[in-house]
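See below for the structure under consideration.
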Amino acid sequence: DTEVTQTPKHLVMGMTNKKSLKCEQHMGHRAMYWYKQKAKKPPELMFVYSYEKLSINESVPSRFSPECPNSSLLNLHLHALQPEDSALYLCASSSRTGGGEKLFFGSGTQLSVL
Amino acid sequence: GESVGLHLPTLSVQEGDNSIINCAYSNSASDYFIWYKQESGKGPQFIIDIRSNMDKRQGQRVTVLLNKTVKHLSLQIAATQPGDSAVYFCAETPYGNDMRFGAGTRLTVKP
């Protein structure tokens, strides 16, 4: 199984809502990532988890809160988002962090903030 | 010249022709490079990778060339097919750091 599964595929939320994005992989990977992708732009790194610990936070606003409950799951909790946060949110995994390994990506959650 | 960030560079080719997509990377310390293909509504899909101790690597219908002197990476697709139409991203990994993506190129294959 070389799949990274993300749910939901689409999400529409208001600026006062709280929602969560979910990501799951069963490849035994110990590194998991959140990327944000705006239309016609490359993915931008948000967070990196290594062995279930947050190792990189790319100065992401606190209205985005990541969580790694176990080595297979990664969540992104959303609260008080702004319309400019509308984007495709991609989860990825790799066998380890620190470079030199390909990332496996999910299909993403297309988020619209109204 | 190109207006950075306003639109993706595009490449349009005829079906059956060869395609060459170019990428300039920024970090001379990068030692691992990947090409990803992204179709509409999907996540990036791995195509081919190359490490800095190589200058060429071939896959099925694809070849990646690495020129470390000028920090340039290219992806060659042989006998391009309509299913190859997508956005292609190069990505680099500086040693000890995590993956960063280049701007991307939209490939359109005309039947």
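Naming convention: chains lettered A, B, ... in sequence-line order (proteins, then strands); numbering from 1 in each chain. Values in this document were obtained by computation on a predicted structure and should not be read as measured data.
Relative to the ring axis of B:Phe46, A:Lys102 places its NZ or CZ within 45° and under 6.0 Å from the centre.
Using a 4.5 Å cut-off between heavy atoms, A:Glu44 does not touch chain B at all. For A:Leu45, the part lying under 4.5 angstrom from a heavy atom of chain B is the side chain only. Residue B:Glu92: no heavy atom, backbone or side chain, is found under 4.5 Å from chain A. No part of B:Phe33 comes within reach of chain A, as not one of its non-hydrogen atoms sits under 4.5 angstrom from that chain.
The candidate with the highest count of non-hydrogen atom pairs below 4.5 Å against chain A, out of B:Gly104, B:Gly41, B:Gly102, is B:Gly102. By number of non-hydrogen pairs under 4.5 angstrom with chain A, the leading residue of B:Arg51, B:Lys42, B:Arg100 is B:Arg100.
Ring geometry for B:Phe101 against A:Phe105 counts as perpendicular: the plane angle is over 60°, on a 0 to 90° scale with 30° as the lower cut.
Side-chain contact check for B:His72 versus B:Asn22: some heavy-atom pair is nearer than 4.5 Å. Side-chain contact between A:Leu11 and A:Leu21 is present, with at least one heavy-atom pair separated by less than 4.5 Å.
Not a single salt bridge (Lys or Arg N to Asp or Glu O under 4.0 Å) links B:Lys71 to another residue, sequence neighbours left out.
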